[in-house]
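Okay, so here's the structure we're looking at.
From a predicted model like this one, the values you see are computed outputs, not experimental measurements. Counting from 1, the numbers follow the sequence of the chain as shown. Both counts, for ligands and for their atoms, begin at 1 and track the order of listing.
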Amino acid sequence: MPDESRPPFQVGAHVPNCLLPNGSYLHDLRGQPVILAFAPDEWNPAQAHQSSIFAHLLHAFDGIAVSDDTMAAWYSLDCQGPVAAQFNITDQRTLLLLDEQGILRWQTAIGPGQEPRAGQILAALEALRPIAPVAAREVPITSGGLSRRTFLAATLATAALLLLAGAAEAAATVTPPKHPASMPATPAVATIPITLTINGETHRLEVEPRVALLDALRENLHLTGTKKGCDHGQCGACTVHLDGQSALSCLTLAVMSEGRQITTIEGLAKGATLHPMQAAFVKHDAFQCGYCTPGQIMAATALVQDKQHRSAAEIREAMSGNLCRCAAYPNIIAAIQETQTA
Ligand code: FES
Ligand code: FES
């Protein structure tokens, strides 16, 4: 039972050590973000639902192992169990997010009948943003200040948040299947409404919280000029501008992009008049197959907007995150050099 005389743990506090249901101690998990999702134990159908969606989520991040060295540990716990009592959990649906040092970075409780708000999700993302890198484990790929590892942890947190809210409804409405063994679980993934400002136009759409901006652009809005290369933050093909700065849309959640000015390759030209960088790419024949070209042009336009004069070596270094399989690099550098002297 929670101790009413004790205050709940505050954000910024070191959390107590405790024994988790899998037999490991919480403090042994330091070095990785940990998500603790407390929910009523009687939500068994929902637990299966959670597991299914969690597996679906991890599948979306193909190549990231789910094992002892998982990038973010996620635990679904009984809100009336011993761990909940140690954390003084009083609300039935509560989500805690611990950082690599075991410090409580974010918490939320969802009351009966409440839905999670986009603001809560953004708060989770913001809570993760300043996590100090742990040198040996951090993957130094950033997008809007988030590492890929943090991106994953945030995605799991947001998914868990939605699951906690959705599970109550699922538990209330679920009817047992007639042939459970023959009917695979179909995850009903919750979506949230968001509004994106892209190339000066407002778009309203419904997306799952895990959806990357790249997929929202291409699949939901059919803005296919932004290309998907690696989908892992390594090639630069998906580069767009967020508030005028270069950003990898494959590592940016669509929900994080609300309220920001998004520019894609479709937004550079003014009618039939090409942007000077586009014209320079044409003039210098700075492409062959053209697949990397939208990302190259977006990165290049963000680069030259400070009007600094860079040498070819400096441009090459600044553009090193944008790969070209056709090796059109000399022509790309020439195009960029021309625009910075224009
Ligand atoms: S698709 Fe985003 S960096 Fe490759
Ligand atoms: S022009 Fe083909 S990948 Fe760059």
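- Between Cys18 and Phe87 the shortest side-chain heavy-atom distance falls below 4.5 Å.
- Pairing each heavy atom of Lys228 with each of Asp215, the nearest pair is NZ-OD1, 2.8 Å.
- Contact check for Gln296 versus Met277: no side-chain heavy atoms found under the 4.5 Å cut-off.
- For the pair Tyr329 and Cys324, the minimum side-chain heavy-atom distance is below 4.5 Å.
- Between the side chain of Glu266 and the backbone N or O of Gly225, at least one donor-acceptor pair lies under 3.5 Å.
- Each protein N, O or S atom less than 2.8 Å from atom 4 (Fe) of ligand 1 was counted, giving 2.
- Residues Thr263 and Thr301 have side chains not in contact (no heavy-atom distance under 4.5 Å, counting atoms from C-beta outward).
- In plain terms, the two heavy atoms of Cys250 and Ala212 that are nearest each other are O-CB, 3.8 Å.
- By the criterion of a separation under 2.8 Å, the protein N/O/S atoms near atom 4 (Fe) of ligand 2 amount to Cys292 SG, Cys324 SG.
- Remark: side-chain polar atoms of Ser249 are paired, donor with acceptor, to backbone N or O of Cys238 under 3.5 angstrom.
- A donor-acceptor distance shorter than 3.5 angstrom exists from the side chain of His232 to the backbone of Cys230, with no hydrogens or angles considered.
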